[in-house]
Amino acid sequence: MAAEPTAHALLQKHRPTLDQALEAIRTRAYWSPHPEHPKAYGENGSLDAAAGKAAFDALLGNRLDLADQPGIDGWVGGEVSPYGIELGVTYPHPDIDVLLPAMRAGQRAWRDAGAELRAVVCLEILKRISDRTHQFAHAVMHTSGQAFMMAFQAGGPHAQDRGLEAVAYAYAEQVRTPEQAEWTKPQGKRDPLVLTKRFTAVPRGIGLVIGCNTFPTWNGYPGLFASLATGNAVLVKPHPRAVLPLALTVRIARDVLAEAGFDPNLVALAAERPGEGIAKTLALRPEIRIIDYTGSTAFGDWLETNAHQAQVYTEKAGVNTVIVHSTDDYQGMLSNLAFSLSLYSGQMCTTPQNLLIPRDGIATDQGHKSFDEVTADLARAVDGLLGDDARANALLGAIVNPDVKARLEAAAGLGEVALASREVANPEFPDAVVRTPVIVKLDGAKPDDEAAYMSECFGPVSFAVAVDSAADAVELLRRTVREKGAMTVGAYTTDAATEQAVEEACLEEAAQLSLNLTGGVYVNQTAAFSDFHGSGGNPAANAALTDSAFVANRFRMVEVRREA
């Protein structure tokens, strides 16, 4: 077909990267093709810092053109940066009765292209996104409130890694079955039965990606690329406060698909009018056969309950817990926890919320520390980390929405405050709402306190919960994960029996565990190709990013057999 020369070039260009990704998910060793340092960009077609900022600025106040997308019935916008800037970008609003049939029209050729060609087209999309990482960093920063360096890394290379990881898993699952086979069954003295069998990975239908406000690319790319690589068209419905990063992604994807000889409508954007609630409408459409969602538990539960026609993958909310039992590196533990509580103002689904500490204190390399001493020392560690306003702004970013600010302010009334939150001025963005974390002391034995620590309080809020013993801490951990879910669990202990008990609880309740982190790796960070984000085995999420289960149900293997 006409696209063959392009297909050959893409295979030559990206097959080595695909092979490296396949090896990485097999070994779980560190690997990434996407540089984390801003200075690594500016050659071979990629934008350097100045060009990326200029490309972002050029978007402000303008339409993001997807003029060839079918069914445009108006233009919508209204994003305001958590740093106080009105973006003024407008996006096409879809007539879904026109758009969805147009998206389905291209699926046959995309299906027939095969797993390998689909994979390298996806890798070309990711490469072009990577070349514009500096532009994407500003887009993520000014829609999520992340500080620039976090937006650059998490919204850029780390998100791209997760997308590539999904492509690798998708490819591996599709090629597990051969494209064709000769089947011969002996019949004794009679001639054998001989069949020729052909096997085709068939997509489920249109995938719907419902984006989130805090990590639009990092959380959006796994589902987008898993569905696309398995032959499905993908409709991207961004969060109304974080449209720009995913709209840029859609534009790049459409360009690559068209250049490779495929229908650009295999990827489309569904931006919404204020208060429209288009996600609920789309989720029930019969054309939508896959849904990827990150956000509140309430809407995630609604999707799982009501979108019966679709395979639904959700990452919702949980109550992340750290058991602090004992440590042989007290200062390292405090520093590690202080950073974990502060990063992006606690606005991560992996940030610790509950710190379970024995009321009689803990053993450390600096001697016995009482419950009050541990909480006071942790408060001092956070204060020391964030004492300089410039460093505080670089770590905290901005509060993403008024609900987070309201929860932060209300938390101080839930118990004794070990660390009060303070306002931080941002000279570059005077309208940014920047707040340091609050730590509140609660008693695990008091029923009145349980309502606070057994509910997710998304944002820079943590509870130091006094418990009677290590065994009580493990039992509370187990109950929390079972009832509320957890994306992450941490534990500090020098006692082998306690470590074993915590590990067993996490294995039984399917929670990802980090033990005794005191260096430069934190409980709220995960590495693509090696770490699993969520498990799919507790109420916080019904899927893991990224494993075989995340991709295998996005397609079906259909067989055609003939007598030879």
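Here, residue 1 is the first one in the sequence, and each next residue gets the next number.
- Relative to the six-membered ring of W183, R561 misses at least one condition, a distance below 6.0 Å or an angle of at most 45° to the axis.
- Between V121 and E124, every side-chain heavy-atom pair lies at or beyond the 4.5 Å cut-off.
- Between F215 and Y344, the ring planes are perpendicular. Angles over 60° get that label, and only those under 30° would be called parallel.
- Residue V312 comes nearest to T314 through the heavy atom pair CG1-CG2, 3.6 Å, listed as atom of the first residue, atom of the second, then distance.
- The shortest side-chain heavy-atom distance between Q69 and R254 falls under the 4.5 Å cut-off.
- Contact check for T133 versus Q160: side-chain heavy atoms found under the 4.5 Å cut-off.
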Using the rule given for side chain to side chain contact (heavy atoms under 4.5 Å, CB included), can you reason through L257 versus W110, listing the C-alpha separation, both sets of side-chain angles and the distance that settles it, and then say yes or no?
CA-CA 10 Å; L257 286 163; W110 187 236; 3.9 Å; yes
Stepwise ring-ring contact (aromatic ring centres under 6.0 Å, His included) check, F429 with H142
CA-CA 11 Å; F429 301 104; H142 284 290; 5.3 Å; yes
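- Judged as a salt bridge (charged side-chain N to carboxylate O under 4.0 Å, His left out), the pairs with a partner in residues 167-178 (not counting sequence neighbours) are, in order, E173-R176.
- D95 has its side chain out of reach of P70: every pair of non-hydrogen atoms, C-beta onward, lies at least 4.5 Å apart.
- Shown here for L244 and T143, the closest heavy-atom pair between the two residues is CB-CG2, 4.4 Å.
- Considering only residues two or more places apart in sequence or on other chains, K237 meets the salt bridge (Lys or Arg N to Asp or Glu O under 4.0 Å) condition with E272.
- With sequence neighbours excluded, no residue forms a side-chain hydrogen bond (donor to acceptor under 3.5 Å, both in side chains) with D547.
- In this structure, a donor-acceptor pair under 3.5 Å is present between the side chains of S227 and R554.
- Scanning for side chain to side chain contact (heavy atoms under 4.5 Å, CB included) contacts around R273 gives D73, V76, H93, E276, with sequence neighbours left out.
- What you find for A119 and L18 is that their closest heavy atoms are CB-CD2, 4.0 Å.
- Remark: Y169 engages no residue in a ring-ring contact (aromatic ring centres under 6.0 Å, His included) (not counting sequence neighbours).
- Shown here are the salt bridge (Lys or Arg N to Asp or Glu O under 4.0 Å) partners of D301, two or more places apart in sequence or in another chain: K316.
- With sequence neighbours excluded, no residue satisfies salt bridge (Lys or Arg N to Asp or Glu O under 4.0 Å) with R289.
- The local environment of CD in E182 is crowded, with over 12 non-hydrogen atoms from other residues, nucleotides or ligands closer than 6.0 Å.
- Atom CG of residue L164 and atom CG of residue L123 lie 5.0 Å apart, to the nearest 0.5 angstrom.
- A side-chain donor from one of Y91 and E79 sits under 3.5 Å from a side-chain acceptor of the other.
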Check step by step if side-chain hydrogen bond (donor to acceptor under 3.5 Å, both in side chains) holds for T526 and Q512.
CA-CA 10 Å; T526 59; Q512 310 292 14; over 6 Å; no
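- Within a 6.0 Å radius of CZ in R104, no more than 12 heavy atoms belonging to other residues, nucleotides or ligands are found.
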Where do E315 and H533 land on the side chain to side chain contact (heavy atoms under 4.5 Å, CB included) test, with the steps shown first?
CA-CA 10 Å; E315 181 192 315; H533 177 74; 3.0 Å; yes
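- Sorted by first and then second residue, the pairs that involve residues 26-39 and meet salt bridge (charged side-chain N to carboxylate O under 4.0 Å, His left out), not counting sequence neighbours, are E23-R26.
- Residue pairs satisfying the ring pair (Phe, Tyr, Trp, His ring centres under 6.0 Å) criterion with at least one member in residues 540-564, sequence neighbours excluded, are listed as follows: Y313-F550.
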Taking it one step at a time, do R285 and D97 satisfy salt bridge (Lys or Arg N to Asp or Glu O under 4.0 Å)?
CA-CA 10 Å; R285 292 282 300 211; D97 290 325; 2.7 Å; yes
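- No donor-acceptor distance shorter than 3.5 angstrom exists from the side chain of Q135 to the backbone of L47, with no hydrogens or angles considered.
- A distance of 9.0 Å separates CZ of R118 from CG of L228, quoted to the nearest 0.5 Å.
- Taking CD1 of I72 as the reference point, atom CG of L99 lies at 9.0 Å (rounded to 0.5 Å).
- The two atoms that bring L343 and M348 nearest to each other are CD2-SD, 3.9 Å, heavy atoms only.
- Residues meeting the ring-ring contact (aromatic ring centres under 6.0 Å, His included) test with Y522, sequence neighbours left out: F339.
- Proximity of I96 to L282: side-chain heavy atoms (C-beta onward) are separated by under 4.5 Å at one or more points.
- With sequence neighbours left out, E116 forms a side-chain hydrogen bond (donor to acceptor under 3.5 Å, both in side chains) with R15.
- The closest side-chain heavy-atom distance from M149 to P38 is below 4.5 Å.
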Side chain to side chain contact (heavy atoms under 4.5 Å, CB included) between N538 and E509, worked out:
CA-CA 7 Å; N538 69 64; E509 304 301 334; 5.7 Å; no
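- With values rounded to the nearest 0.5 angstrom, N320 atom CG is found 8.5 Å from N524 atom CG.
- Atoms OG and CD1, on S130 and I125 in that order, are 13.5 Å from each other to the nearest 0.5 Å.
- The shortest distance between side-chain heavy atoms of I25 and F529 falls below 4.5 Å.
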Verdict with supporting geometry, I252 and R132, side chain to side chain contact (heavy atoms under 4.5 Å, CB included)
CA-CA 10 Å; I252 290 171; R132 307 187 77 83; 4.0 Å; yes
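- Heavy-atom neighbours of E179 CD from other residues, nucleotides or ligands within 6.0 Å: at or below the threshold of 12.
- Smallest separation of non-hydrogen atoms from Q309 and A283: NE2-O, 2.6 Å.
- No more than 12 heavy atoms of other residues, nucleotides or ligands sit less than 6.0 Å from atom CG of N44.
- With no hydrogens or angles considered, no side-chain donor-acceptor pair links T297 and E456 at under 3.5 Å.
- Here the shortest heavy-atom pairing between T351 and Q347 reads OG1-N, 4.3 Å.
- Considering only heavy atoms from C-beta on, T230 comes within 4.5 Å of Q174 through its side chain.
- Taking CG from D531 and OG from S514, the interatomic distance works out to 7.5 Å, rounded to the nearest 0.5 Å.
- A side-chain donor-acceptor contact under 3.5 Å links E165 and T546.
- Side-chain contact check for T249 and Y221: at least one donor-acceptor pair (N or O, by modelled atom type) lies under 3.5 Å.
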Pair up each side-chain donor or acceptor in residues 198-212 with any protein partner under 3.5 Å, not counting sequence neighbours, and list the distances.
residue, atom, partner, partner atom, Å
R204, NH1, N553, O, 3.1
R204, NH1, N553, OD1, 3.4

